[in-house]
Amino acid sequence: MNNVFVYCEIDKTTVEEVSFELLTKGRKLANELGVQLEAVVAGTGIKGQVESQILPYGVDKLHVFDAEGLYPYTSKPHTSILVKLFEEEKPQICLMGATVIGRDLGPRVSSAHMSGLTADCTALEIGSYEDKRSGKVFDNLLYQIRPAFGGNIVATIVNPEHRPQMATVRSGVMKAEILDVDYKGDVVYEDVCQYVDETDFVVKVLERHVEKAKNNLKGAPIVVAGGYGVGSKEGFDLLRKLAKELHGEVGASRAAVDAGFCEHDLQIGQTGVTVRPKVYIACGISGAIQHVAGMKESGIIISINTDPNAPINQLADYVITGSVEEVVPKMIKYYKANSK
Amino acid sequence: MLAKQVPDTRNVGPDAMTPEGTVNRSALPAIFNPEDLNALEQALRLKDQFPGTTITVVTMGLPKASDVLRDALYRGADDAVLLTDRALGGADTLATSYALSMAIRKIGVPDLIIGGRQAIDGDTAQVGPQVAQKLGLDQVTYVESIEDICEKSRKLTVIRRIDGGIEKVETPMPCLLTITGSAPACRPQNAKRVMKYKKAAAPAENNPKATIEIKQWGAADIDAGLEQCGLAGSPTKVKAVQNIVFKAKESKQLSGSDADVEELIVELLNSHTIG
């Protein structure tokens, strides 16, 4: 009762990275609230496969639903599982990935439970809230922080009176950290028939073609992109370090790719990938039109360039006049020093 | 077909939000939500394929949301319903889906409910699945195309976009589909239909020249419980809103000094721009 729940997504029998990120966050929230962390996973042939992947993130109780038809994911069976499980367990918080699955499942569960759901959160915190009309103060609520309005504002959403407080978070936003490889949590193998009706299985996945992307550039909230001005392969290693710290991805301009500083699939622009991150850090990129076409819809653009007149500076919200090898290590240093 | 009139988030100014944290719609140009247009095209293609199909477009909003209903009629929709009522205002996705599901019940649950994947003002993608749940329907989200309809078995085969690939899914009807922006663009308005429906208006628009009445329903018309509508029926509350509009060209000039870089990082952390 009153615990923090994370719905874990799987690819066959492998738990998705986004779920580890949420488990890590869920553990922290549970600690702050003084409650337990529980996880739910549903699939086919997962018993004995997923437990050792999930428990090390500090999961106190894992609910495993293993039956034919639960993989690949379809809406109704997974909805039925969570709706009934939540009626029994009454979680206070439920986190899911803001993935195709989480964004399909989350709203259905929230609709059935009449509880609030906030999509695509970029930060989750615990805090209090005063309802201005009634003057009632709610403690220990989940602050669901998300950009809204095409990324022009950041809103903090709360669900004062309804449970569970549900939120989805995109892959790569939170950081996954194993708590203890030998963490002792309970595993419950649930009787699927008690939760899912035969009629829930009418939607069939006929075919599936999925290729694992080598990078997550397209959906990355933060992109650190390098241009010719980065100067070398080693220079790109520096950008990778910054991207890793910020949970972002590395991209490149065509000039950097052509110069052999990095792989071709990192190219951003008209002939490469189009990105719309929240933050775009252009390192040593002059800003040719074809590159700009692939990143101009970015939220905040930061340009680091030795040339104060680089065309990209016209577009930038912040212009740092300086060299990449000088400024990027400072960004890493001060991010480490100031982030929580 | 479910449609939404949305503020054009590409032109957001400082007065875009009210002090209460809800959207100040009057301060922004209003447009037909882009993915709802993709959805309308899918509906129109079904009508082309199966003559006799009728398309009813439902929207919830202020009286001026009738603009998207007229636009849908211009492009080939058959009927339109405006849900407008003070009691429905300030709704989050859950309260919105409740009102829409009650309106659909009043119309009679059709073979297919179709809408855009998400609206550009909220980007939540929640209303479609929430409506499906309230009506107990199957759903397929992120649909790119409808491949086949088997009239005999009353089943639909669709292609949907999933993370890193595609899925071919079979679903029985009735069901709800949400359509992604990668689906074909909507056909243009038809000149004859524009001539006919430009005089269509909802009563709340107070257009004395209107000759065709767009159906207009309030909370009472759809038998909606007021506790589940609008602000009262919305479990999510906006605690705070921070404006992070940065106008291009007004760029902040920094040196590469330690002090400048640290100030920037702290500013980005404080605004939750980076985490």
Side-chain angles (χ1 to χ4, degrees), chain A residues 75-76 99-100 103-104 107-108 110-112 114-120 122-123 129 145 148-150 152-160 162 202-213 222 246 278-279 300 313-322 326-327 330-331 334-335 338-339, chain B residues 9-10 12 16-17 21 92 94 97 120-126 129-130 132-134 138-142 157 162-172 235-246 248-249 251-256 258 261-262 264-266 269 271-275:
Chain A
S75 311
K76 266 196 176 170
T99 57
V100 168
R103 296 172 110 233
D104 187 279
R108 286 199 79 119
S110 91
S111 185
M114 315 277 276
S115 61
L117 167 63
T118 305
D120 296 346
T122 51
Y129 167 72
I145 300 161
F149 236 59
N152 293 287
I153 58 164
V154 173
T156 301
I157 313 286
V158 289
N159 307 326
H162 297 76
V202 289
V203 173
K204 304 262 185 257
V205 176
L206 306 176
E207 286 172 40
R208 230 161 166 261
H209 306 280
V210 183
E211 275 177 38
K212 273 266 169 270
I222 294 171
L246 301 175
K278 219 165 53 156
V279 183
I300 290 175
N313 291 357
Q314 295 283 321
L315 212 71
D317 302 290
Y318 295 92
V319 173
I320 305 175
T321 304
E326 174 201 5
V327 176
K330 285 182 189 170
M331 292 180 92
Y334 291 115
Y335 177 77
N338 290 290
S339 68
Chain B
T9 48
R10 290 162 294 195
V12 173
M17 304 297 285
D92 70 358
L94 193 74
S97 68
I120 57 167
D121 53 349
D123 288 335
T124 69
Q126 285 171 194
Q130 286 175 330
Q133 179 69 21
K134 293 213 183 302
D138 287 297
Q139 76 185 29
V140 186
T141 52
Y142 289 77
T157 308
I162 57 172
D163 293 320
I166 56 160
E167 228 174 40
K168 191 178 198 177
V169 177
E170 181 190 81
T171 176
T236 58
K237 308 286 175 205
V238 178
K239 185 189 170 282
V241 166
Q242 275 178 286
N243 208 319
I244 54 157
V245 179
F246 290 86
K249 292 183 188 91
S251 42
K252 216 165 163 177
Q253 301 290 329
L254 305 169
S255 75
D258 284 78
V261 173
E262 180 160 28
L264 169 66
I265 295 287
V266 169
L269 280 167
S271 62
H272 298 291
T273 306
I274 58 176

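Naming: A, B, ... by sequence-line order, numbering from 1 per chain.
If you take CG on Asp104(A) and CD on Gln139(B), they are separated by 4.5 Å, rounding to the nearest 0.5 Å. Atom NZ of Lys204(A) is separated from atom OG1 of Thr171(B) by 10.5 Å, given to the nearest 0.5 angstrom. Summarising the geometry, atom OG1 belonging to Thr236(B) is positioned 6.0 Å from atom CD1 belonging to Ile157(A); distances are rounded to the nearest 0.5 Å. A distance of 9.5 Å separates OG of Ser339(A) from CD1 of Ile265(B), quoted to the nearest 0.5 Å. A distance of 4.0 Å separates CG of Asp138(B) from NZ of Lys76(A), quoted to the nearest 0.5 Å.
Across Ser255(B) and Ile320(A), no two heavy atoms sit closer than the pair O-CG2, 3.5 Å. The two residues Tyr335(A) and Leu269(B) make their nearest non-hydrogen contact at CE1-CD2, 3.8 Å.
When each of Gly322(A), Ala123(A), Ser75(A) is scored by its heavy-atom pairs under 4.5 Å with chain B, the top score falls to Ser75(A). Contacts with chain A were tallied for Val266(B), Leu264(B), Val140(B); Leu264(B) has the most, counting heavy-atom pairs under 4.5 Å. Here Pro235(B) is the residue among Ser97(B), Pro235(B), Pro129(B), Pro172(B) with the most heavy-atom pairs under 4.5 Å with chain A.
Heavy-atom distances place both the backbone and the side chain of Ala112(A) under 4.5 Å from chain B. Using a 4.5 Å cut-off between heavy atoms, Val158(A) touches chain B through backbone and side chain atoms alike. For Leu254(B), the parts sitting under 4.5 Å from any heavy atom of chain A are the backbone and the side chain alike. Contacts of Leu117(A) with chain B are made by both backbone and side-chain atoms, with heavy-atom separations under 4.5 Å. Proximity to chain A (any heavy atom under 4.5 Å) is shown, for Ile274(B), by both the backbone and the side chain. With a 4.5 Å cut-off on non-hydrogen atoms, Asp258(B) touches chain A through its backbone and its side chain both. With a 4.5 angstrom heavy-atom cutoff, Asp120(A) touches chain B only via side-chain atoms. Heavy atoms of Ser110(A) lying under 4.5 Å from chain B belong to its backbone as well as its side chain. Lys330(A) touches chain B through backbone and side chain together, each having a heavy atom under 4.5 Å away.
Residues meeting the side chain to side chain contact (heavy atoms under 4.5 Å, CB included) test with Lys168(B), sequence neighbours left out: Leu206(A), Glu207(A), Thr157(B), Ile159(B).
In this structure, the side chains of Thr156(A) and Val238(B) stay at 4.5 Å or more apart for every pair of heavy atoms.
Partner Arg108(A) forms a side-chain hydrogen bond (donor to acceptor under 3.5 Å, both in side chains) with one of Gln133(B), Gln126(B), Gln130(B) and no other, that one being Gln133(B). Of the candidates Val100(A), Val205(A), Thr99(A), Ile162(B) forms a side-chain contact (heavy atoms from CB on, under 4.5 Å) with just one, namely Val100(A).
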